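Here the structure is laid out as structure tokens; the discussion comes afterwards.
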Amino acid sequence: MTEERSRGVVRDGLGAAWPICLGYAPIGLALGVLAQKAGLGPLDTGIMSVLVFAGGSQFIAVAMIKSGAALAAIVATTFMVNLRHALMTSALAVPLQGVRRRFLALFAYGVTDESFAVNMARFRADGWDRWRALVVNQTANLTWILSTIAGAYAGEFVPAGALGIDYALTAMFICLLIFQLRSRFYAIVAAFSGLVATALYVTIPGNSHIVIAAVTAATAGYAVRRNRAARGVV
């Protein structure tokens with residue numbers, strides 16, 4: 001890869017990543033504050049962000065640590081929540097066919113809901129490649145790590161629950177969902193997933209309802225689209 005092309009790759013990747021970083025900064029700060037309230041220091045928070053790099057799971061883990069949950073319960077719960085990454089990486093396997101495993105390992109480490117949404121949209125539009133997608137992932141990763149550490153330091157000066165920090169992650173997921181609703185069909189599938197998740201939430205314990213609802217809605221949506229395509233219905 002030439003120097004000029006490398007600069008173009010980095011420039012394009014940073015250009016696509018900056019909206020994610022703008023969202024990660026306040027959410028990372030919020031997580032850091034909550035982690036500090038749960039008894040974690042900046043080093044602990046930073047190590048968690050480096051090893052896990054999954055906002056939803058980290059918020060859950062911090063809440064469970066604060067409540068005194070057992071280590072096995074924390075690991076099992078966060079594992080279930082992170083199962084959604086299997087769905088995202090399976091979708092990314094299509095534009096990343098034939099890529100070496102070492103690259104895939106580095107790339108997979110940086111896959112999050114936000115980077116997945118951005119990269120998939122770019123891949124669909126053509127002109128996007130794995131190197132630009134990698135820049136998106138790792139730029140978001142660095143922003144998240146630094147933000148959570150900064151939040152852990154700031155936690156000593158911020159009261160618990162101040163400024164609506166508990167709602168930050170939920171707000172970002174709502175924004176991501178809106179950007180993915182490209183037609184009425186997508187909105188129907190999203191609504192169906194929400195209904196399934198809500199029904200399961202009130203009937204089964206834990207956080208497995210998230211994964212089950214996502215798989216159920218995605219499968220149903222795929223089946224409907226395939227059936228409509230077979231009948232020639234747009």
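Quick note: numbers below take in every heavy atom, side chains included, and nothing from hydrogens, waters or symmetry partners. This structure is a prediction, so every number in the text was calculated from the model and none was measured.
- Here the CD1-CG distance, from Ile20 to Asp113, works out to 10.5 Å after rounding to the nearest 0.5 Å.
- Taken to the nearest 0.5 Å, the CE atom of Met120 stands 13.5 Å off from the CH2 atom of Trp128.
- Put simply, the side chain of Thr216 reaches to within 4.5 Å of the side chain of Phe192, judged on heavy atoms.
- For the atom pair OH (Tyr186) and CZ (Arg225), the distance works out to 4.5 Å, reported to the nearest 0.5 Å.
- Note on Val10: it does not cluster hydrophobically with Leu142, by side-chain heavy-atom contacts below 4.5 Å among ILVMFWY residues.
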Exercise. Run the side chain to side chain contact (heavy atoms under 4.5 Å, CB included) check on Val111 and Phe107 step by step: do they pass?
Worked result: CA-CA 7 Å; Val111 173; Phe107 185 88; 3.9 Å; yes
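- In this structure, Phe103 places its CZ atom where more than 12 heavy-atom neighbours from other residues, nucleotides or ligands lie under 6.0 Å away.
- Cluster membership for Ile74 and Val62, using ILVMFWY side-chain heavy atoms within less than 4.5 angstrom, is shared.
- With respect to Ile65, the side-chain contact (heavy atoms from CB on, under 4.5 Å) criterion is satisfied by exactly one of Leu34, Leu40, Leu71: Leu40.
- Tracing side-chain contacts under 4.5 Å through hydrophobic residues (I, L, V, M, F, W, Y), one never reaches Ile188 starting from Leu195; they form parts of separate clusters.
- No continuous path of ILVMFWY side-chain contacts below 4.5 Å connects Val50 to Val75, so the two sit in separate hydrophobic clusters.
- Hydrophobic clustering of Ile, Leu, Val, Met, Phe, Trp and Tyr side chains at less than 4.5 Å, counting indirect connections, keeps Leu87 apart from Val189.
- Proximity of Glu114 to Trp144: side-chain heavy atoms (C-beta onward) are nowhere separated by under 4.5 Å.
- Here the options are Thr112, Leu146, Thr139, the test is side-chain contact (heavy atoms from CB on, under 4.5 Å), and the partner is Tyr24; only Thr112 passes.
- Taking CG of Asp44 as the start and OG1 of Thr148 as the end, the distance is 11.5 Å to the nearest 0.5 Å.
- Annotation: side chain of Met48 is not in contact with side chain of Thr45 (no heavy-atom distance under 4.5 Å).
- To the nearest 0.5 Å, the span separating OG on Ser193 from CD1 on Ile212 amounts to 11.5 Å.
- At a threshold of 4.5 Å between non-hydrogen side-chain atoms, the residues Leu31 and Ile27 do not count as touching.
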For this session: Walk me through it: do Asn137 and Asn119 pass the test side chain to side chain contact (heavy atoms under 4.5 Å, CB included)?
Result: CA-CA 9 Å; Asn137 288 7; Asn119 281 326; 3.1 Å; yes
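- Checking Gln58 against Ser49 by side-chain atom types alone, a donor-acceptor pair falls below 3.5 Å.
- Looking at Phe123 and Val94, their side chains never come closer than 4.5 Å, going by heavy atoms from C-beta outward.
- A donor-acceptor contact shorter than 3.5 Å links the side chain of Ser115 to the backbone of Gly110.
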